There are 2 protein chains.
Amino acid sequence: MRVSREQVAENRRRILEAAGRLFRERGFGAVTVAEVMKAAGLTHGGFYGYFGSKDELIAAALEDLVVAPVPKPVTLEAYADRYLTPEHMADCAGGCPVAALGTDAGRQSPQARAAMTEGLRLQIARLGEGAGGERNATARQAAIGSWAAMVGAMILARMSDDPALAQQVLQETRAFIGQRVGDEPGEI
Amino acid sequence: MRVSREQVAENRRRILEAAGRLFRERGFGAVTVAEVMKAAGLTHGGFYGYFGSKDELIAAALEDLVVAPVPKPVTLEAYADRYLTPEHMADCAGGCPVAALGTDAGRQSPQARAAMTEGLRLQIARLGEGAGGERNATARQAAIGSWAAMVGAMILARMSDDPALAQQVLQETRAFIGQRVGDEPGEI
DNA sequence: TGTGATACATGATGTCGATCATGTTTATGA
DNA sequence: TCATAAACATGATCGACATCATGTATCACA
């Protein structure tokens, strides 16, 4: 039952996407290789033709998630507006990988950590551009502080079993971020 | 091999403390009941005399961690000074449970989530007092936003495999918070 | 168009870990 | 002091899951 080259490429993509969603939804440990393959439309046995181990899949899925999230440059504020929403909070499987997996990612393989670190660098650079230009140390500080606040707020909100409290965490954090950076649009 | 009442109480405490440390260090899934019991100085079989299941232990350990972290009221800035340190970053097993387990806690039992929610309320109240009094909506916003930023920064820093970047995340987030919280000591 | 290698399905294997069963010791209340 | 039951150790059990082994169909290149 061999399969064409494009099929192979598409299968690999399917596996990575299924893994990315399942990991974000349930965490690395609670997802089995068989589940990922099933979600990708395959059976468990073929898995090791694509990846050497589950750890390798984790690293590849994180790398995949981390490289292409924001297509266009946006201002920090616009980004925060989209990030700190009830929709994003509800869509764990399709949302920010750090907010979904952050505390676990640091305990994974060096390759997985490297992917997350790369993502962090990219994100700081992107948000820094959106916060008032390049050579500005203040822009970098705003990018880092705001990004930390966004990630933390989403994690706290998702942790809460009280929807009103969760909602409040998102809103107040949004306001907190906008408190002093808000004036420079910094459009690129 | 029966044991005195105080011994029983102390054993329960030992189990909870061992669980709290191990969970924070490795995550819920990577810690076995047998490991917890061994760290508490007991064998695995006795576990079910104390807790009905591993899930129950998780909830109890979180509840235990969340209730008594900050003995005295402190200002928001002083709290951030202690929180955003390399020492705290290195001491995952003894540090903030949200920064260690946040993304996983939302996927645990309702009891576990309830414990974390209680902890969040307590923390907002504590930091709100330390940010300029009670009936002040701005204080609450500062507490929530700063807490989100602290948690997020610690998670990002721990995720990073580059110590310099991690250090920078902590420092810039500290400055970011200082910028928005202002100078009011708000001592209680 | 034949033929070999490849991608996959099916079906083990082996380990690990949660939970249970049983026996032994000894604190506790009468 | 004695009887009882609690607290725990030891040793199953049982399922879940990562990983491997094998067979088969078919793409791809000659």
Side-chain angles (χ1 to χ4, degrees), chain A residues 1-23 25-62 101 104-105 107-112, chain B residues 1-62 101 104 107-112:
Chain A
M1 187 201 183
R2 190 172 164 180
V3 152
S4 76
R5 282 180 182 171
E6 307 102 41
Q7 193 55 249
V8 169
E10 189 190 326
N11 283 349
R12 186 186 163 88
R13 174 118 305 278
R14 272 197 203 301
I15 293 172
L16 281 176
E17 272 162 15
R21 291 193 69 84
L22 285 169
F23 286 150
E25 186 162 11
R26 305 213 217 114
F28 301 117
V31 174
T32 74
V33 167
E35 278 174 331
V36 171
M37 292 301 275
K38 185 173 181 183
L42 300 171
T43 56
H44 64 278
F47 174 75
Y48 293 87
Y50 287 94
F51 301 96
S53 67
K54 184 180 177 183
D55 275 351
E56 209 174 279
L57 172 66
I58 289 175
L62 286 180
L101 297 164
D104 242 28
R107 296 187 264 257
Q108 303 306 314
S109 69
Q111 289 75 29
Chain B
M1 190 203 182
R2 191 171 164 178
V3 152
S4 76
R5 282 177 182 172
E6 307 100 42
Q7 192 57 248
V8 169
E10 189 190 326
N11 283 349
R12 186 185 165 90
R13 173 119 304 280
R14 272 196 201 305
I15 293 172
L16 281 176
E17 272 163 15
R21 291 192 71 84
L22 286 168
F23 286 148
R24 281 179 286 176
E25 186 163 11
R26 304 212 218 117
F28 301 118
V31 174
T32 74
V33 167
E35 277 174 332
V36 172
M37 293 301 276
K38 185 173 180 182
L42 300 171
T43 57
H44 64 278
F47 174 75
Y48 293 88
Y50 286 94
F51 300 96
S53 67
K54 185 181 177 183
D55 275 351
E56 209 173 279
L57 171 66
I58 289 175
L62 286 180
L101 297 164
D104 243 27
R107 294 187 266 257
Q108 303 305 313
S109 68
Q111 289 75 29

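This is a predicted model, so every value here is computed, not measured. Numbers restart at 1 for each chain; the letters A, B, ... are given by sequence-line order, proteins then strands.
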If I take atom [atom1] in residue [X] and atom [atom2] in nucleotide [N], what distance separates them, rounded to the nearest angstrom?
| X | N | atom1 | atom2 | value |
| --- | --- | --- | --- | --- |
| B:Phe51 | D:dC8 | CZ | C1' | 15 Å |
| B:Lys38 | D:dC8 | NZ | C1' | 17 Å |
| B:Lys54 | C:dG17 | NZ | C1' | 8 Å |
| A:Leu42 | C:dA7 | CG | C1' | 10 Å |
| B:Met37 | C:dG17 | CE | P | 16 Å |
| B:Arg14 | D:dC8 | CZ | P | 11 Å |
| B:His44 | D:dC8 | NE2 | C1' | 11 Å |
| A:Glu56 | D:dA18 | CD | C1' | 14 Å |

Mind checking if [X] touches a base, just sugar-phosphate, or nothing, with heavy atoms under 4.0 Å?
| X | value |
| --- | --- |
| B:Thr43 | base |
| B:Gly49 | nothing |
| B:Phe47 | nothing |
| A:Val31 | sugar-phosphate |

(request) State which residues pass ring-ring contact (aromatic ring centres under 6.0 Å, His included) with B:Tyr50; sequence neighbours excluded, sorted by chain then number. (result)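 B:Tyr50: no ring-ring contact (aromatic ring centres under 6.0 Å, His included) contacts found.
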(request) Check whether any side-chain nitrogen or oxygen of B:Tyr48 sits under 4.0 Å from OP1 or OP2 of D:dC8, and answer yes or no. (result)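 Negative; the distance criterion is not met.
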(request) Using only side-chain N and O atoms of B:Asn11, determine if any of them is under 4.0 Å from OP1 or OP2 of D:dA7. (result)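 No, outside the criterion.
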(message) Please determine whether a side-chain nitrogen of the Lys or Arg among B:Arg21 and B:Glu25 lies less than 4.0 Å from a carboxylate oxygen of the Asp or Glu.
(response)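 So B:Arg21 does not pair with B:Glu25 through a salt bridge.
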(request) Check whether any side-chain heavy atom of A:Met37 sits under 4.5 Å from a side-chain heavy atom of A:Thr43, and report yes or no. (result)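 A:Met37 vs A:Thr43: side chains apart.
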(message) Do B:Glu10 and B:Glu6 make a side-chain contact, defined as non-hydrogen atoms from C-beta onward lying under 4.5 Å apart?
(response)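 B:Glu10 does not reach B:Glu6 side chain to side chain.
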(request) For residues B:Leu101 and B:Gly27, report the shortest heavy-atom separation together with the two atoms involved. (result)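 In this case the closest contact between B:Leu101 and B:Gly27 is CD2-CA, 3.9 Å.
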Every protein N/O within reach of nucleotides 27-30 of chain C N/O, cut-off under 3.5 Å:
| residue | atom | partner | partner atom | Å |
| --- | --- | --- | --- | --- |
| C:dA27 | N3 | B:Arg2 | NH1 | 3.3 |
| C:dT28 | OP1 | B:Arg5 | N | 3.3 |
| C:dG29 | OP1 | B:Arg5 | NH2 | 2.5 |

(message) Checking contacts here: which listed nucleotide (C:dA18, C:dT19, C:dC8) is nearest the side-chain heavy atoms of B:Ser53?
(response)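 So the side chain of B:Ser53 is nearest to C:dT19.
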(request) Any chance you could measure B:Asp104, atom CG, to A:Asp104, atom CG, to the nearest 0.5 Å? (result)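 Result: 4.5 Å between the selected atoms.
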(request) Assess whether side-chain contact (heavy atoms from CB on, under 4.5 Å) is satisfied between B:Val33 and B:Phe51, documenting all intermediate values. (result) CA-CA 11 Å; B:Val33 167; B:Phe51 300 96; over 6 Å; no
